[in-house]
Amino acid sequence: MKVLVVGSGGRCHAIVEALSRSPQVEKIYCAPGNAGIAATAECIAIKETAADELCAFARENAIGLTVVGPEVALEAGIADRFKAEGLRIFGPTKSAARIETSKEFAKELMQKYDIPTAAFRTFSDYDEALAYVKAGTLPAVLKYDGLAAGKGVVIAETPEQADEALKDMLLDAKFGQGRVVIEEYLEGPEFSLMCFVNGHEVYPMPAAQDHKRAYDGDKGPNTGGMGAYTELPFIDEADLDYAMNAIMRRTADALVAEGAPFCGVLYGGLMKTPQGIKVIEFNARFGDPETEVVLPRMKSDICSVFCDVADGRAPSIEWHDFATLGIVLASKGYPNSYEKGFVIEGVDTVDGSVYHMGTAVKDGKYVTSGGRVMIVVCKAPTLREAQAKAAAEVAKIGCDNLFHRTDIGDKAFK
């Protein structure tokens with residue numbers, strides 16, 4: 001089978017690497033791909049949002065399966081386009097992907113179907129939104145309604161912070177023209193639960209924990225994710241059962257009831273609060289960097305899993321029981337402005353998986369070309385061992401303009 005992966009980041013590199021282990025897969029294409037992916041797949045110069053071009057490529061090259069990585073492609077309606085042509089694609093329709101592309105849609109769906117989440121109000125007017133925040137309790141959570149690459153969320157601890165964020169979102173259109181969802185602030189450990197979904201059928205992956213803040217101790221601005229790990233000692237079987245039944249299955253059923261059945265990966269960004277597990281956010285695709293630590297644990301043939309879910313069959317999924325931990329190396333200055341083009345040394349000496357997020361090749365060497373540049377993932381029998389190994393392997397990578405967090409996984413030991 002020939003397979004097309006749509007996307008360019010570390011998540012797609014992990015998907016490509018997992019597919020390369022399948023005996024069914026004859027050739028992998030990736031559009032547009034990146035410098036690291038190019039070692040395993042043939043990279044095609046088509047933008048991930050160019051649904052018509054991607055559809056034509058899949059048809060002309062007899063692609064048997066297309067797997068969608070990023071949310072921007074889903075919002076562009078790639079799944080609808082492929083399905084209209086009778087081409088097999090793993091990813092939800094544009095209407096089902098609204099669970100991610102519109103925070104307002106997701107919150108109203110949760111409210112309607114009694115899915116546990118934070119109380120909220122939605123605003124399009126700056127003055128009304130600011131007055132609401134000032135009249136309520138702080139901190140408050142401010143979320144841009146549309147897509148913002150993981151950066152459209154601000155936890156405002158003061159009226160001044162709320163004012164600045166609301167100006168960015170509503171007056172200056174920093175992320176585009178959109179509304180703002182203001183939520184009550186919840187406390188507790190966060191975790192990510194990704195599930196393969198087709199209609200009412202929901203199949204969980206191992207839970208992971210992402211680290212959104214830029215710096216150690218959860219300091220600094222929100223990013224696309226600075227590292228992740230599995231297993232999670234603070235999430236037990238009862239927690240997972242509740243999350244599956246009260247949240248993930250109920251959400252899949254709700255989307256069917258709304259006429260937007262989901263097919264693909266439904267990502268639950270969840271929090272274990274003193275009042276129980278609640279939804280922080282939903283994504284309509286594999287998480288990043290969670291995918292990079294979850295897929296290495298899949299024992300089954302992922303190509304079969306993708307095809308089974310896309311075709312409406314029950315997949316057979318087995319998982320390894322080792323722990324994984326990944327540390328992201330990012331350009332200094334990220335998630336704000338940063339420079340590119342710095343040479344990266346030592347990647348080939350790493351004893352573990354290195355998934356490229358934002359790299360290019362210049363004069364035969366890898367150079368930085370994005371905010372998040374790569375993630376080093378190590379596996380071990382225990383999380384402590386995986387953490388120590390990842391730290392040692394990250395130290396082998398040399399670059400003048402990279403930084404990383406040194407406390408990925410520490411929350412598991414508190």
Grab the two heavy atoms, one from A73 and one from E48, that are nearest each other, plus how far apart they are.
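That closest heavy-atom pairing would be CB-O, 3.2 Å.
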L142 versus M169, closest heavy-atom pair with distance:
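Of all heavy-atom pairs spanning L142 and M169, the closest is O-CE, 3.8 Å.
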Test item: [X] side-chain N/O and [Y] main-chain N/O as donor-acceptor pair under 3.5 Å:
| X | Y | answer |
| --- | --- | --- |
| S102 | R98 | no |
| E345 | G398 | no |
| R213 | G220 | yes |
| R297 | H320 | yes |
| D407 | D410 | no |
| S300 | I302 | no |
| D236 | D239 | yes |
| N34 | H356 | yes |
| T230 | A208 | no |
| E281 | G269 | no |

[Y] versus [X], side-chain donor and acceptor atoms under 3.5 Å:
| X | Y | answer |
| --- | --- | --- |
| E339 | N401 | no |
| D80 | T93 | no |
| S192 | D210 | no |

I'd like to know whether K396 forms a salt bridge (charged side-chain N to carboxylate O under 4.0 Å, His left out) with E393, so could you lay out the CA-CA distance, the side-chain angles of the two residues, the decisive distance to 0.1 Å, and finally the verdict.
CA-CA 5 Å; K396 295 179 180 178; E393 298 307 316; 2.8 Å; yes
Side chains of R249 and C195 in contact at under 4.5 Å (non-hydrogen atoms)
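The answer is no, as the side chains (C-beta and beyond) never meet within the 4.5 Å cut-off.
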Would you check if K107 and Q111 make a side-chain contact, meaning some heavy-atom pair closer than 4.5 Å?
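The answer is no; the side chains never approach within 4.5 Å.
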May I have the step-by-step check of side chain to side chain contact (heavy atoms under 4.5 Å, CB included) for E385 and K389, ending in yes or no?
CA-CA 6 Å; E385 291 171 280; K389 187 175 181 184; over 6 Å; no
Might you work through the salt bridge (charged side-chain N to carboxylate O under 4.0 Å, His left out) test for R405 and D218, ending with a clear yes or no?
CA-CA 9 Å; R405 284 184 59 163; D218 286 334; 3.1 Å; yes
Decide, yes or no, whether a salt bridge links E42 with K27 under the criterion of side-chain N to carboxylate O below 4.0 Å.
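Between K27 and E42 there is a salt bridge, with a charged N closer than 4.0 Å to a carboxylate O.
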Can you tell me which residue among K379, Q209, R384, Q387 is in a side-chain contact (heavy atoms from CB on, under 4.5 Å) with L325?
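Option passing the side-chain contact (heavy atoms from CB on, under 4.5 Å) with L325: Q387.
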Quick one: do R11 and E290 satisfy salt bridge (charged side-chain N to carboxylate O under 4.0 Å, His left out)? Show the steps, please.
CA-CA 8 Å; R11 160 183 51 215; E290 294 94 338; over 6 Å; no
Going through the distances and angles, do I344 and V373 end up as a side chain to side chain contact (heavy atoms under 4.5 Å, CB included)?
CA-CA 10 Å; I344 309 164; V373 174; 3.7 Å; yes
